[in-house]
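Step one of this worksheet: look at the structure below.
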Amino acid sequence: MGTGLSGCSVQVRSQPDPTIGQDTMLINADKGNPLFNRVFNPYLVNTRTAAKWIYEPLVLVNPLDGEQIPWLAQSWELPDARTIVFTLREAEWSDGEPFTAADVVFTLELLKEVPALDAKGVWQHLASVEADGDRVVCRLQTDDVPALPIIGATYLVPQHHWSQVADPGTHRDENPVGTGPFVLGNYNSQQYSMDKNPRYWQADSVEIEHLILPATNDQLDTVTRGYDWSYSFISDVQGTWGAASPSNRWWFPPGGIIGLLPNHTVAPFDDVDVRRGLSLALDRARIADVATEGYMQPAGQTGLVLPNQQDWLDPDIPDAGMITQDRAAALESFARAGYTLRDGRLLDAAGEQFSFALTSANGYTDWTRAAQEVAGQLGAVGIDVSLQLPQPAGYQAAIANGDFQVALGGMGGGDVFRAFNTLMSSEFKVDVGTSTQANYERFSDPEADALLLEFKSSTDPAAQLAAARGLQRQVYDELPAIAMYYGGLWGLYNDAKFVGWPSEEDPYMAPQNYDSAPLGIFTRLKLAGGAA
């Protein structure tokens, strides 16, 4: 998203609240609309952000690279591709009751009984779950090794509380009991606080005693209020956030890929020569610079987010998949598809100019800038591109239902299998007019499906790597989508009180302050000066 705040037009200074203690973090992580509702059910869309720091998963998945970090499960094993066995660590709920395998089984069964809570589709993978002492045995429906982080990332709730809930699907959970590093402190509709959980299984690693989350947090407020941690795209970050305080820092690593999603059910986008022509016509560095104000880099055509997933990269793909703009080669590719450049217009055999509508979401100003730049660059090879900018809900409906020609959209992500699966699996290919939650471009190729099955069915890392490299070649050669530039994770932090933030030098976790990523950060931060 873009912002109207600019360091070139206004000089701002941060004004920290002197009443907030050195062991207390002021965190811009939750949005009031405009006020807070007291909802801490971790499965509801409108839950408070801090619910994900009260409840914890078995496995902490790093959004940067998909690394799976033991959390409430101290270890796991896959005796075969249809079985996952989690071994639990000793932990307590914040009310002092022990955390047990029965809680895990109860939670997973709850998602089965109330499918509306199963947002990640755990029971699309699970066949059954059972407790065995301090272990939880998950039986899968098929050979399905990549199900581990999906099941493992489930937020776990206490059986002794939630078994008394009449309607878990609407339960607000106003007084939550979790295993996480914080418990709910004071609460009102404009601000709430979190207090350190003294029973936390990693309590010795948490030096933050309190969190304060205000509801008012527009971008001017972000820069001036003295936040210790925020998350936001800000124009001229050095001249705004950076200038506001000598202790303000930022890290904007790539978290995904922004690209063009051609609808493969619509001619001529079902022709790989057309897709290749579009790809070759683009100056990705220019698009990245225009869209993200120079913060992000162009992306290669492999489906990987680099350098996060460098270990997966196929070294035989030239230039790590980076496609250099080559308008002559683009026109040659279009010629193979039957198009000829004449008088500045790219014409088909019937003399009609190649034209299409590019769909993006209204209000996503960085995407709009990218779409405008794409239209201009394709215009230089004779293609007439018009922009369609529905509101975000309309945009999402359009791509889900296949009601578009080419759309701006996201691809890639931390989990390599899920990134390729959601991009290319024919499992998600449905007729136009029928909604899908992945493969919006409706791509289908037997070779891609075979490689996905190999990846999914093997517990051998070498076999998974071979499958991943084959999938990269599919993305590079067949262009199911056209990668353009990386989408950023916009981490803003202040190291006056707390040090040890993730950074380019120490990229141990994504710098986002939502979902479960902060669990891996709260346990690494130290009080500045070393005073506990």
Point to revise | Shortest non-hydrogen contact between S163 and F106, atoms and distance | key: N-CZ, 3.6 Å
Review point. For N186, does the CG atom have more than 12 heavy-atom neighbours from other residues, nucleotides or ligands under 6.0 Å away?
Key: no
Check your understanding: Just one of T107, D173, T179 clears the side chain to side chain donor-acceptor pair (under 3.5 Å) bar with Y55, so which one?
Key -> D173
Check your understanding: So does D23 pair up with K196, basic N to acidic O under 4.0 Å?
Key -> no
Revision key, fill the gap. All heavy atoms of A51 vs all of P42, minimum pair found to be CB-CA, 4.4 Å
Point to revise | Residue pair S235 / E293: nearest heavy atoms and the distance that separates them | key: OG-OE2, 2.9 Å
Review point. Can you name the side-chain contact (heavy atoms from CB on, under 4.5 Å) partners of V237, sequence neighbours left out?
Key: W241, W250, F252, Y295, L492
Review point. What residues form a salt bridge (Lys or Arg N to Asp or Glu O under 4.0 Å) with R89, not counting sequence neighbours?
Key: none
Practice item. Could you pull out all residues at least two apart from D415 that satisfy side-chain contact (heavy atoms from CB on, under 4.5 Å)? Key: P149, F417, R418
Review point. Are the ring centres of Y200 and F522 closer than 6.0 Å?
Key: no
Exercise for review: Measure the shortest side-chain to side-chain distance between L408 and M484 over non-hydrogen atoms and say whether it is less than 4.5 angstrom.
Suggested key: yes
Exercise for review: Side-chain contact test, heavy atoms from C-beta onward, threshold under 4.5 Å: evaluate it for P511 versus Y493 and give yes or no.
Suggested key: no
Check your understanding: How about E77: does its CD atom have over 12 heavy atoms from other parts shown lying under 6.0 Å from it?
Key -> yes
**Study point:** side-chain hydrogen bond (donor to acceptor under 3.5 Å, both in side chains) contacts touching residues 38-48 (sequence neighbours left out)
**Key:** D30-R48, R38-N175
Practice item. Mind telling me whether F233 and W490 have parallel, tilted or perpendicular rings, with 30° and 60° as the class edges? Key: perpendicular
Check your understanding: What pairs with H210 under ring pair (Phe, Tyr, Trp, His ring centres under 6.0 Å), at least two apart in sequence or on another chain?
Key -> none
Study note, to complete from the structure: Residues Y486 and L306: closest non-hydrogen pair is OH-N, 3.2 Å
Check your understanding: How many angstroms lie between CD1 in I84 and CD1 in I151, if you round to the nearest 0.5 Å?
Key -> 4.5 Å
Review point. Under the ring pair (Phe, Tyr, Trp, His ring centres under 6.0 Å) test, which residues partner F420, sequence neighbours left out?
Key: none
Review point. What closest approach, in Å, do D316 and D314 show between heavy atoms, and which atom pair accounts for it?
Key: N-OD1, 2.9 Å
Check your understanding: Where is the tightest heavy-atom contact between V105 and A131, given as atom of each residue plus distance?
Key -> CG2-N, 3.6 Å
Exercise for review: May I ask you to check whether over 12 heavy atoms, not counting those of Q238, lie within 6.0 Å of atom CD?
Suggested key: no
